[in-house]
There are 2 protein chains.
Amino acid sequence: MAYTYEYPRPALTVDCIIFGLDKKELKVLLIRRGLEPFLGKWALPGGFVNMAEDLESAALRELEEETGVKDVFIEQLFTFGAVKRDPRGRVVSVAYYALVNLDEHPIHASSDAEDAAWFEVGELPELAFDHEKIMDVALKRLRGKVIYQPIGFELLPTKFTLTQLQQLYEIVLGVEINKRNFRTKILKMNILEQVERQQGVAHRPAYLYRFNETKYNEFLEKGFVFEIGGIIKSN
Amino acid sequence: MAYTYEYPRPALTVDCIIFGLDKKELKVLLIRRGLEPFLGKWALPGGFVNMAEDLESAALRELEEETGVKDVFIEQLFTFGAVKRDPRGRVVSVAYYALVNLDEHPIHASSDAEDAAWFEVGELPELAFDHEKIMDVALKRLRGKVIYQPIGFELLPTKFTLTQLQQLYEIVLGVEINKRNFRTKILKMNILEQVERQQGVAHRPAYLYRFNETKYNEFLEKGFVFEIGGIIKSN
DNA sequence: ACAAAAGTGTTGTTCCTACACCCATGA
DNA sequence: TCATGGGTGTAGGAACAACACTTTTGT
């Protein structure tokens, strides 16, 4: 079957940059391409947009098809449309990104992908197309975003300790944060609820907290800036 | 001439949201459509992407063709791809936005546009397609952005007074700002150079300043947050 | 002299930063 | 009792917020 138009049209694809938080590392989900071009190379999961689906749906569909990862909140990153970014011809790609808890998202390679795996950001293999550039943009955006919005709460168990939360910020931002100041600041925001205490650890048990979404939304109204100043640890 | 593909493809367009700063108002540039659909309705300038041009180039070309406005720094806003956003079929649109000095950008309607004009934000006519939604997104982004980056300097004459700069922020953000605190804060940033003084005004002449781009770039490295706190004027 | 807008002093308060110290638990 | 990580006190300084006042020009 063929489709004919009066004027030429670029092909439209979506790509997904899925960041995953491992214990101590920020990783990203890649697939090994099972088709030309760039057969055998690592690339971002993604593919062509169908006529009857929204862009975001397309991204989620391709993500699940190629990696088995689903139930993710993705956000539009940027649209890449340089004329010769794809050797097959003019292809414009809308990129989406997300940050997920790596443990909760098992991966299964399938369909067009020979393989799928998490790679540590900063130790990426050579990527297909302009995907290295897309990665750069995504990483910058993630780091910028985490300062102005407490995404990241989704990455932790429902109940978490302040140290876990701090580590999350440290990993994503790639810096060390002063414990005292981190705690003071995040608690003053008043978006966390203390619930109970840890048990069975070989040290003083920590308080567990829960993210209070209602209070967080009130918070956003007033403009949220996270910005931990005392960034280099001293404790 | 016709173009045939194995799979169907959405059409790809670009749209431009050009904000213009008038003396006391924030305006936006619209065209009156000269073609179906929505013939005669006001809409954002924009149109189809050619195969041999980047997305940004397409946006700039359409902008100039339809409104005569050129030499603008545009920035990608968002890509709108809802399935039924265009009655002609599946059309995905990459939106770009910019903030310009209205005086320096004379408009001339032409080509597909019957007319082009500046409208005050907040007093917009009914718009074609999903352009009202696009406007909302753009306005939010502009306001968010102006807090974290001193765009806006481009809107003023090379030499400007602090009061002019303050008014710019007040108009874009739609708030009143305390004079004393605004001055203290913007000067402490050390991105302005005092040059000379105003002349011929019927009051104490103001100092004129020039934006120092070098220092500004150093500034960005460290993370810039503008955020005037004492927002409600008291002076 | 007066209107108009520019520009400055200052004060109380909050927030930031940097350290040092104590606490509770399991092994 | 020791190692381990959890949690707190606090002091000095910087930044914020709010208000009132002085200065310089043209008319």
Side-chain angles (χ1 to χ4, degrees), chain A residues 23-24 147 156-157 159-171 173 175-210 219 222-235, chain B residues 23-24 147 156-157 159-171 173 175-210 219 222-235:
Chain A
K23 310 285 166 230
K24 295 278 172 187
I147 288 175
L156 296 171
K159 300 169 187 174
F160 50 86
T161 70
L162 292 183
T163 302
Q164 287 178 297
L165 184 60
Q166 177 173 345
Q167 283 171 348
L168 186 158
Y169 274 89
E170 290 180 329
I171 294 168
L173 295 176
V175 294
E176 285 182 297
I177 301 175
N178 177 289
K179 181 173 54 159
R180 184 61 170 113
N181 300 340
F182 178 84
R183 280 159 187 254
T184 307
K185 180 141 190 179
I186 199 93
L187 286 178
K188 197 165 30 191
M189 287 180 188
N190 213 34
I191 54 180
L192 296 183
E193 267 176 85
Q194 211 181 67
V195 276
E196 57 201 86
R197 308 196 65 150
Q198 251 181 349
Q199 286 186 355
V201 285
H203 56 76
R204 177 174 177 177
Y207 288 102
L208 295 171
Y209 291 84
R210 178 194 299 145
F219 206 88
K222 304 178 206 161
F224 176 111
V225 177
F226 191 76
E227 264 298 11
I228 289 289
I231 275 255
I232 298 303
K233 87 154 184 209
S234 73
N235 243 346
Chain B
K23 309 285 166 229
K24 295 278 173 189
I147 287 176
L156 296 172
K159 301 169 187 173
F160 50 86
T161 69
L162 292 183
T163 303
Q164 286 178 298
L165 184 60
Q166 177 174 345
Q167 283 171 349
L168 187 159
Y169 274 91
E170 290 180 330
I171 294 166
L173 294 177
V175 294
E176 285 182 298
I177 302 176
N178 176 290
K179 181 173 55 157
R180 183 62 169 111
N181 300 340
F182 179 84
R183 282 158 185 253
T184 307
K185 179 141 189 178
I186 200 94
L187 287 177
K188 197 165 32 190
M189 287 180 188
N190 213 33
I191 53 179
L192 296 184
E193 267 176 86
Q194 211 181 67
V195 276
E196 58 201 85
R197 308 197 63 149
Q198 252 181 349
Q199 284 185 356
V201 285
H203 56 76
R204 177 173 177 178
Y207 288 102
L208 294 170
Y209 291 84
R210 177 197 297 145
F219 205 89
K222 304 179 206 160
F224 176 111
V225 177
F226 191 77
E227 264 297 12
I228 290 287
I231 276 254
I232 298 304
K233 87 153 183 211
S234 72
N235 242 349

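In this text the structure is predicted, and so the values were computed from the model without any measurement. Below, read A as the first sequence line, B as the second, and so on, with proteins coming before strands; counting in each chain starts at 1.
Nucleotide D:dG5 holds its P atom 11 Å from the CD atom of A:Gln198, rounded to whole Å. When the P atom of C:dA6 is taken as reference, atom CZ of B:Phe160 falls 14 Å away, rounded to whole Å. A:Arg183 has its CZ atom 18 Å from the P atom of C:dA18, to the nearest Å. Distance B:Asn181 CG to C:dT10 P: 16 Å, rounded to the nearest Å. Computed from coordinates, the A:Phe182 CZ to C:dC16 C1' distance equals 16 Å when rounded to whole Å. The distance from atom NZ of A:Lys179 to atom C1' of C:dA20 is 11 Å, rounded to the nearest whole Å. Computed from coordinates, the A:Arg197 CZ to D:dG6 P distance equals 12 Å when rounded to whole Å. Spacing between atom CG of A:Leu187 and atom P of D:dG9 amounts to 13 Å, rounded to whole angstrom units.
Closest contact between the side chain of A:Arg180 and the listed nucleotides D:dG6, D:dT10, D:dC16 involves D:dT10.
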Check the pair B:Thr184 / B:Arg180 against side chain to side chain contact (heavy atoms under 4.5 Å, CB included), numbers first and verdict last.
CA-CA 6 Å; B:Thr184 307; B:Arg180 183 62 169 111; 3.0 Å; yes

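Two residues are said to be in side-chain contact when any heavy atoms from C-beta on lie closer than 4.5 Å; B:Arg210 and B:Glu196 fail this criterion. Using a 4.5 Å cut-off on side-chain heavy atoms (C-beta onward), A:Thr163 and A:Arg183 make contact. The shortest side-chain heavy-atom distance between B:Gln164 and B:Lys159 does not fall under the 4.5 Å cut-off.
B:Lys185 has a side-chain polar atom (N or O) that falls below the 4.0 Å cut-off from OP1 or OP2 of D:dC16.
Residues from residues 199-206 of chain A that place a heavy atom under 4.0 Å from any atom of DNA chain C, listed by number: A:Val201, A:Ala202, A:His203, A:Arg204, A:Pro205.
Among the atoms of the strands shown, only primed sugar atoms or phosphate atoms (P, OP1, OP2) are found under 4.0 Å from some heavy atom of B:Thr163.
Comparing B:Lys188 and A:Thr161, the nucleotide of DNA chain D nearest to each residue sits closer to the 5' end for A:Thr161.
At distances below 3.5 Å, not a single donor-acceptor pair connects side-chain atoms of B:Gln198 with backbone N or O atoms of B:Pro205.
B:Leu208 contributes atom CG, which lies 13.0 Å from atom CD of B:Glu193 (distance to the nearest 0.5 angstrom).
Of the listed residues (B:Thr161, B:Leu165, B:Leu187, B:Val195), just one forms a side-chain contact (heavy atoms from CB on, under 4.5 Å) with B:Tyr209, and that residue is B:Leu187.
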